[in-house]
Amino acid sequence: MRLVIDFESYYDTEYSLGKMPTHQYIRDPRWKCLGCGLKIDDEPPFYLAGVGELEYFFGTLNWSLVTAVAHNAQFDGSVLWEHFGKRAPRTWIDTMLLARWAISQGHLSPDMTTSLWALAPLVGMQKGDTAAAVAAGGQQLADYGVDDVIIEDKLLRMLMGFKPPRDELMYMDQHVRMATEPVLDIDVPMLEEAAKSDPREEAFKKILRKDANFKVLLEKNGIVPEYKTTPTGRTKMALAKTDVFMQSLTKHPNIKVRRLAEMRLGSASNLVRTRAQRFLNVGAPLPVPLLYYAAGPGRSGGQDSSNMQNLPRKGPLRHAVKAPEGHKLIVGDSRQVEARTVGWRAGDKKLLTAFGTTDPYRTFAGHFMYGKAPEDVTADERFMGKAGMLGLGFAQSAYGFQEGIRAKDDKHVPIETCKLGHKAYREGFDQVPKWWKAVFQNAIRDGELTLPSGRKLIYPDLTSEVKPFTFMDAETDTWVTKDMRQYEYTRPKIFSGRGSQRKTVNFWKGLATENDTQATARDIVFWQLRHCADEGRSTGKWKMVWMTHDEGVFVAKEGEDTTLCAERLAYWLTQNPSWAHGLPLEGEVKIGQAYGDCK
DNA sequence: CGGTGTTGCGCC
DNA sequence: AAAGGGCGCAACACCG
C-alpha cells in the first residue's frame with residue numbers, strides 16, 4: 001500500500017524549522033500538529049486536521065505493508081516517529097531525494113532545485129502559499145495540504161518513470177531512517193561541560209579572530225606579518241593553520257609568539273562548543289540527519305545544523321555520543337577503499353597486489369621507492385610510502401605532493417624525495433596514468449562518466465579553451481607558462497554550495513579520476529552497509545544508525561547480538577558487488593559504548 | 001539590517 | 001607535462 005503523507009505544523013518567526021534542527025522543532029513545547037494531507041494508492045486525497053483522527057487513522061494501517069511517500073521525509077518521518085507512537089513504514093520514498101538522484105543522472109535540468117515549489121511546475125502544478133494557508137487554517141489549510149499531496153503523488157510517478165535502481169531507492173530509505181528513527185544516546189554532563197562558555201574568554205577570542213587585532217599583537221612582538229593571495233585574488237594575512245607563515249609562528253623561537261599563534265588558532269574554531277550545544281538542544285535519542293546524494297560523486301553530507309560526518313577525532317564529542325543503555329556500537333570501516341579502487345579501476349595488478357601485503361605502505365616504500373626489503377623501511381620512509389599511495393593516485397605533481405604533506409602534516413620533505421615518490425608511483429603502477437587519460441577522454445567526449453555500478457557522473461556545460469597555463473617544470477624547477485587546452489564545466493545547482501549560482505570549475509584528468517574513484521568507492525560501501533543493515537532489519541538484531549563515507553555504525557544489544565553484528569559487518573566489508581569482481585576489499589570492525597571508543 | 005560571498009576548519 | 005577532491009557550518013567581510 002502506498003501512502004502519501006504531508007504533515008502541517010504550527011510555526012512563527014521565532015519558532016520554525018529555519019531556526020532550529022528538525023528534532024528540536026518537533027520536540028519543542030510549542031509543537032502543534034495542525035493536520036496531515038494523505039493519499040492512499042489511487043484513491044482521492046484527504047486531510048485530517050485532528051490529532052485524534054490521525055492517531056485513529058494511523059492505527060488502522062498495517063505499517064509493515066506501507067510504502068510511505070513524502071517530500072523531505074526527514075520531517076514527516078520524524079513527526080510520525082516522535083508524535084504517533086514510533087511508527088515507521090516498510091519503505092520510505094522521498095520525492096526530494098528522488099529528485100536529487102534524477103538531477104545527478106541528468107534526467108532533470110542541472111538548474112533545478114529540489115523544493116516542492118520548484119518541482120511542482122514539472123507536473124503542471126503550482127504549490128500553494130504556506131504562510132497564508134497556515135494563517136487561515138480550517139478549510140483553506142486542508143485544501144493546501146491536499147494540494148501538496150497531489151503534487152507529491154504526481155512527482156512520484158514522474159520521478160519513478162526515470163527508473164531509479166532498487167539499490168539507490170534502498171540507500172534513500174536508509175538515509176530517511178537514520179534521520180527519523182533516532183537511537184543514539186548522549187552524555188549530557190559531558191556535553192554540558194563542552195558547551196560551557198566563559199563570556200570573557202569568548203570576547204577575547206572574538207578579538208583574536210580579527211586580523212587587524214592580531215596584526216597589532218604580532219607587531220608588538222617584533223613580527224612582520226606575511227600576506228597571501230586568496231583564490232579570489234584578495235590579499236590576506238597568512239594566518240590559516242596550513243599557511244607557511246602561521247606554521248612558522250607556531251614553531252617560533254620566541255615563546256610569546258608561539259603562545260600568540262596557539263591562541264589565535266584556538267580561537268578559530270568553536271566547533272566543539274557549538275556542536276555540543278546543538279546535541280543538547282536536540283536531545284536524546286539523537287538522530288543522524290544525513291542528506292542522500294549531497295555531493296556530485298554521490299556521497300552523503302550533513303544537514304540540519306549539525307554535520308554528523310565531521311566530528312573531531314580528538315576531544316569530547318565522539319565520547320558524548322553513545323549506544324543506549326544495554327547496547328553497543330559496532331563500527332566498521334572499509335580500509336583504504338579509495339586507494340584500492342584506483343588500482344582496480346586502472347586494472348593495475350601491482351597496485352592491487354601491494355594492497356594484499358601486510359603493510360601496503362611499507363611495501364610501496366621498500367619495493368617501489370627506496371629499493372629495499374619492506375622490513376628495512378624506516379618510519380620516515382614508510383610515511384612517504386603512505387602519503388604517496390594515498391595521494392598520488394589522482395595525477396598530482398611532485399610539487400603538489402610536497403605541498404600536500406606540508407599543509408596536512410606540517411612537514412617539509414625535500415622536492416627530490418617527492419619526485420622519487422612521484423616517479424615510483426607512476427612507473428611502478430604504470431596502468432594508473434593510462435587510466436587517468438582514458439577516463440578524462442571519456443568524460444570530455446561524452447560529458448559524463450558511467451561508473452561500474454551503472455550510475456553516472458555528469459559534467460554539464462562542458463567547454464574548452466586554449467589559454468596560458470602556468471606550472472612548475474620538473475626538469476628546471478621553475479615556473480613555465482604554455483598555451484594549453486583547458487576544460488571547465490558548471491556543476492548542477494544542487495551541488496554548487498549555498499550560493500544561488502551554479503559553480504563553474506576547471507576539469508582535468510585529476511578531477512575526473514578522483515570523482516570516478518570517490519563515486520565507485522561510495523557505491524561499494526553503500527552496497528556493503530545496506531546489506532548489513534538489511535540483515536539487521538530482517539533479524540531484528542541490529543540497526544544501522546550512522547555512516548561517514550567509508551564507515552558504518554550499527555547498534556545492537558550487548559552480548560550475542562553485538563558479536564553477531566560485528567561478524568556480519570566484517571563479512572560484508574569484504575564482499576564485492578557483482579560489478580566489482582577482482583577488487584580486494586578489507587574491513588575493520590570495532591565495538592564500543594561511545595563512538596569515541598571505536599578507534 | 002539582512003542577504004550573499006569568502007574564508008577557515010572539522011571530517012573522509 | 002598538469003592544478004588533490006568531496007562536503008557543512010560558523011564567523012567575518014562586504015554590499016545594498
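Sequence lines set the chain letters: A, B, ... in the order given, protein chains first and strands last, and positions in each chain run from 1. This is a predicted model, so every value here is computed, not measured. Quick note: numbers below take in every heavy atom, side chains included, and nothing from hydrogens, waters or symmetry partners.
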Are A:Thr274 and C:dA10 close enough that a side-chain N or O sits under 4.0 Å from OP1 or OP2?
-> no
Which part of the nucleic acid does A:Gly404 contact within heavy-atom distance under 4.0 Å: base, sugar-phosphate only, or nothing?
-> nothing
Taking atom C1' of C:dA1 as reference, at what distance in whole Å does atom NZ of A:Lys423 sit?
-> 16 Å
Counting heavy atoms from C-beta on, name the nucleotide in C:dG6, C:dA3, B:dG8 closest to the side chain of A:Lys228.
-> B:dG8
Is there a side-chain polar atom (N or O) of A:Lys210 under 4.0 Å from OP1 or OP2 of C:dA11?
-> no
Nearest-Å distance, NZ (A:Lys236) to C1' (C:dA13)?
-> 9 Å
A:Asn310, nearest nucleotide to its side chain (from C:dG6, C:dA10, C:dG8) = C:dG8
Could you state the atom-to-atom distance from CD of A:Gln486 to P of C:dA1 in whole Å?
-> 17 Å
May I ask you to say whether A:Asp12 pairs ionically with A:Lys19, meaning some side-chain N is under 4.0 Å from a carboxylate O?
-> no
Could you label the plane-to-plane angle of the A:Tyr459 and A:Tyr489 rings as parallel, tilted or perpendicular, counting under 30° as parallel and over 60° as perpendicular?
-> perpendicular
OP1 or OP2 of C:dC12 under 4.0 Å from side-chain N/O of A:Lys206 = yes
Ignoring hydrogens and angles, answer whether the base of C:dG8 and the side-chain atoms of A:Asn307 contain a donor-acceptor pair closer than 3.5 Å.
-> no
Looking for any heavy atom pair under 4.0 Å, which part of the strands does A:Ser300 touch: base, sugar-phosphate only, or nothing?
-> nothing
Selection from C:dG6, C:dA2, B:dC12 that lies nearest to any side-chain heavy atom of A:Thr548 = B:dC12
Hey, does A:Glu403 reach any base, or is it just sugar-phosphate, or nothing, if we go heavy atoms under 4.0 Å?
-> nothing
Candidates B:dG8, C:dG6, C:dA3 - which lies nearest the side chain of A:His549 = C:dG6
Nearest-Å distance for atom pair CD/C1', residues A:Gln336 and B:dC12 = 14 Å
Hey, are A:Arg313 and A:Glu551 close enough for a salt bridge, meaning a charged N less than 4.0 Å from a carboxylate O?
-> no
Contact class for A:Phe401 vs. all strands (heavy atom < 4.0 Å): base, sugar-phosphate, or nothing?
-> nothing
Option among A:Arg340, A:Arg335, A:Glu586 that satisfies the side chain to side chain contact (heavy atoms under 4.5 Å, CB included) test with A:Phe355 = A:Arg340
Pick the P atom in B:dG10 and in C:dA2, then give their distance to the nearest Å.
-> 31 Å
Just how far, in rounded Å, is C1' of B:dC11 from CG of A:Asp333?
-> 14 Å
Do the rings of A:Tyr15 and A:Tyr25 sit parallel, tilted or perpendicular, given the 30° and 60° boundaries?
-> parallel
Nearest listed nucleotide, side chain of A:Gln396, among C:dG8, C:dG4, C:dG6 = C:dG4
C:dG4 and B:dG8, which share atom name P, separated by this distance in whole Å | 16 Å
Reckon A:Met484 touches a base, only the sugar-phosphate, or nothing at all at heavy-atom distances under 4.0 Å?
-> base
Kindly point out which of C:dC7, B:dG8, C:dA10 is positioned nearest to the side chain of A:Arg278?
-> C:dA10
Is the distance from OP1 or OP2 of C:dC12 to the nearest side-chain N or O of A:Arg209 less than 4.0 Å?
-> yes
Answer yes or no: does atom NZ of A:Lys251 have more than 12 heavy-atom neighbours from other residues, nucleotides or ligands under 6.0 Å?
-> yes
Quick one: does A:Glu514 reach the base of C:dG4 with a side-chain donor-acceptor pair under 3.5 Å?
-> yes
Is the phosphate of C:dG4, meaning OP1 or OP2, less than 4.0 Å from a side-chain N or O of A:Arg406?
-> no
Looking at A:Tyr293, does the NZ or CZ of A:Arg100 lie under 6.0 angstrom from its six-membered ring centre and within 45 degrees of the ring axis?
-> no
To the nearest angstrom, how far is A:Arg491 atom CZ from C:dC7 atom C1'?
-> 9 Å
Ion pair check, A:Lys419 and A:Glu427, cut-off under 4.0 Å = no
Atom pair distance, as rounded to whole Å: CD in A:Gln247 and C1' in B:dG8 = 14 Å
Remember a base hit wins even if backbone is also touched, and classify A:Asp516 as base, sugar-phosphate or nothing at under 4.0 Å, heavy atoms.
-> nothing
At under 4.0 Å, does any side-chain N or O of A:Arg522 touch on OP1 or OP2 of C:dC7?
-> no
Please report, rounded to the nearest Å, how far the P atom of C:dG4 is from the CD atom of A:Gln402.
-> 12 Å
More 5' along DNA chain C: A:Phe507 or A:Asn515, using each one's nearest nucleotide?
-> A:Phe507
How would you label the contact of A:Gly296 with the nucleic acid (heavy atoms, under 4.0 Å): base, sugar-phosphate, or nothing?
-> sugar-phosphate
Taking only the side-chain nitrogens and oxygens of A:Asn270, find out if one of them lies under 4.0 Å from OP1 or OP2 of C:dA11.
-> yes
Looking only at side-chain N and O atoms, does A:Lys503 come under 4.0 Å of OP1 or OP2 in B:dG5?
-> no
Using a heavy-atom cut-off of under 4.0 Å over every strand shown, decide if A:Leu311 touches base, sugar-phosphate, or nothing.
-> sugar-phosphate
